[in-house]
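Comments concern the structure below.
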Amino acid sequence: MDPVPKSPIPCHVGIIMDGNGRWAKQRGLPRIEGHRRGVETVRTVTRAARELGIRYLTLYAFSVENWKRPQDEVGGLMSLLDYFLKRETATLVRDKVRLLTIGRTAEMPENIRNLLAKSCKATESFTDLTLTLALNYGARTEMLDAAASYARAVAGSATGTPPPTWEEFRRHLYTGDIPDPDLIIRSSGEMRVSNFLLLQAAYAEFVFTPTLWPDFSKADLESALADYAGRERRFGLTSEQLGPWKPAKA
Ligand code: IPE
Ligand code: IPE
Ligand code: MG
């Protein structure tokens with residue numbers, strides 16, 4: 001893998017989909033209406049990502065911390081996820097989008113686990129776009145799970161096992177089979193990562209937009225990509241050491 005990506009189109013885009021509640025509040029609607037509209041945005045953005053040539057799209061849909069929200073909101077989010085998976089699997093198959101999940105999905109309700117298993121199985125052979133849903137996801141929890149997985153892998157090996165390289169260790173993260181994000185977008189004006197892909201984002205570019213997630217459009221995604229294309233990613237090197245592709249605004 002080239003350590004310095006040369007393409008102005010990010011291979012992997014992660015999105016912290018935020019602002020559903022405020023979108024609803026602004027309209028005097030219950031929060032769940034914002035989430036309902038947010039699901040429509042997921043469809044729009046997945047289609048746009050495919051059209052724009054993004055290979056990996058990772059959407060932060062439900063964090064480990066989100067269980068602490070009021071029970072009716074958590075229940076409503078689970079119902080929407082159930083609805084999304086039932087309705088969208090056929091579209092994902094038609095559009096050749098592979099579905100993956102990251103997070104402690106084993107702790108999700110049984111109906112969701114079954115639907116996820118079916119959708120992932122039905123789409124596993126596709127390679128153009130991989131849509132990864134972060135569900136019951138938290139980067140710290142992921143780190144604990146990766147450390148435990150790594151410890152199991154080395155248990156029983158001879159004492160004095162050398163410390164792992166990052167390439168070896170990263171295989172134990174939930175994202176072990178997919179590349180790190182090049183670009184992370186957060187909607188709704190908040191400028192924080194809220195426990196999303198902390199390790200994988202070590203060299204990601206960030207774009208924050210005030211747009212609330214239900215209003216996020218293909219144009220917003222294009223605008224983030226334009227912003228990204230203007231960045232110079234140096235990965236610790238000097239500008240002079242970088243290869244031939246130069247960002248538009250360098
Ligand atoms: C993001 O929207 C969706 C989830 C976290 C599940 P929010 O529900 O966080 O919306 P705000 O931040 O309250 O506006
Ligand atoms: C982050 O949004 C989680 C998801 C988008 C699923 P939150 O709304 O939960 O994050 P905070 O609480 O504002 O940091
Ligand atoms: Mg929020």
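Counting starts at 1 for both ligands and their atoms, following the listed order. Side chains included, hydrogens not; waters and symmetry mates left out as well; all remaining heavy atoms used.
Taking all heavy atoms of Glu190, Glu65, Arg186 into account, the minimum distance to atom 2 (O) of ligand 2 is reached by Arg186. Of the listed options Phe196, Tyr60, Tyr137, Tyr60 places a heavy atom closest to atom 1 (C) of ligand 2.
Distance check: Leu197 CG to Tyr137 OH gives 4.5 Å after rounding to the nearest 0.5 Å. In this structure, the separation between CG on Leu59 and OG1 on Thr46 is 5.5 Å, given to the nearest 0.5 Å. Between Phe216 atom CZ and Leu212 atom CG the span is 11.5 Å, to the nearest 0.5 Å. For the atom pair CG (Leu131) and OG1 (Thr101), the distance works out to 10.5 Å, reported to the nearest 0.5 Å.
Here Arg69 has side-chain heavy atoms under 4.0 Å from ligand 2, and that is the only part of it that gets that close. With a 4.0 Å cut-off on non-hydrogen atoms, Phe62 touches ligand 2 through its backbone and not its side chain. Residue Ala61 touches ligand 2 through its backbone alone, judged by heavy-atom distances below 4.0 Å. Only side-chain heavy atoms of Arg31 come within less than 4.0 Å of ligand 1; its backbone N, CA, C and O stay farther off.
Backbone and side-chain nitrogen or oxygen atoms of Gly21 are examined, and one is located within less than 3.5 angstrom of a nitrogen or oxygen of ligand 1. Polar contact with ligand 2: present for Arg192 (N/O pair, distance under 3.5 Å).
The closest approach between Gly19 and ligand 1 falls below 4.0 Å for a heavy atom of the residue.
Atoms of ligand 1 lying under 4.0 Å from any heavy atom of Arg22, numbered from 1 in the order shown and given with element: 11 (P), 12 (O), 14 (O). Residue-ligand proximity, His35 to ligand 1, at heavy-atom distances under 4.0 Å covers atoms 3 (C), 8 (O).
Within a 4.0 Å radius of atom 12 (O) of ligand 2, the protein contributes no non-hydrogen atoms.
The nearest N/O/S atom of Asp18 to the Mg ion (ligand 3) is OD1.
A donor-acceptor pair under 3.5 Å links the side-chain atoms of Asp220 to the main chain of Ser217, judged by distance alone.
For the residue pair Ser63/Asn66, the side-chain donor-acceptor check at 3.5 Å is satisfied.
Ranking the protein heavy atoms by distance from atom 5 (C) of ligand 2 puts Met17 O, 3.3 Å first. The shortest contact between atom 9 (O) of ligand 2 and any protein heavy atom is with Asn66 ND2, 3.0 Å. Protein heavy atom nearest atom 14 (O) of ligand 2, with residue, atom name and distance: Ser194 OG, 2.6 Å.
Salt-bridge annotation for Arg27 and Glu33: absent, with no side-chain N of the basic residue lying under 4.0 Å from a carboxylate O of the acidic one.
Within 6.0 Å of CD in Gln241 there are more than 12 heavy atoms belonging to other residues, nucleotides or ligands. For Lys121, the NZ atom is loosely surrounded, since the number of other residues' heavy atoms within 6.0 Å does not exceed 12.
The nearest N, O or S atom of Glu190 is not closer to the Mg ion (ligand 3) than 2.8 Å.
Using bins of under 30°, 30° to 60° and over 60° for the plane-to-plane angle, the ring pair Phe206/Phe208 lands in the parallel bin. The aromatic rings of Phe196 and Tyr60 lie parallel to each other, with less than 30° between the two planes, well short of the 60° mark.
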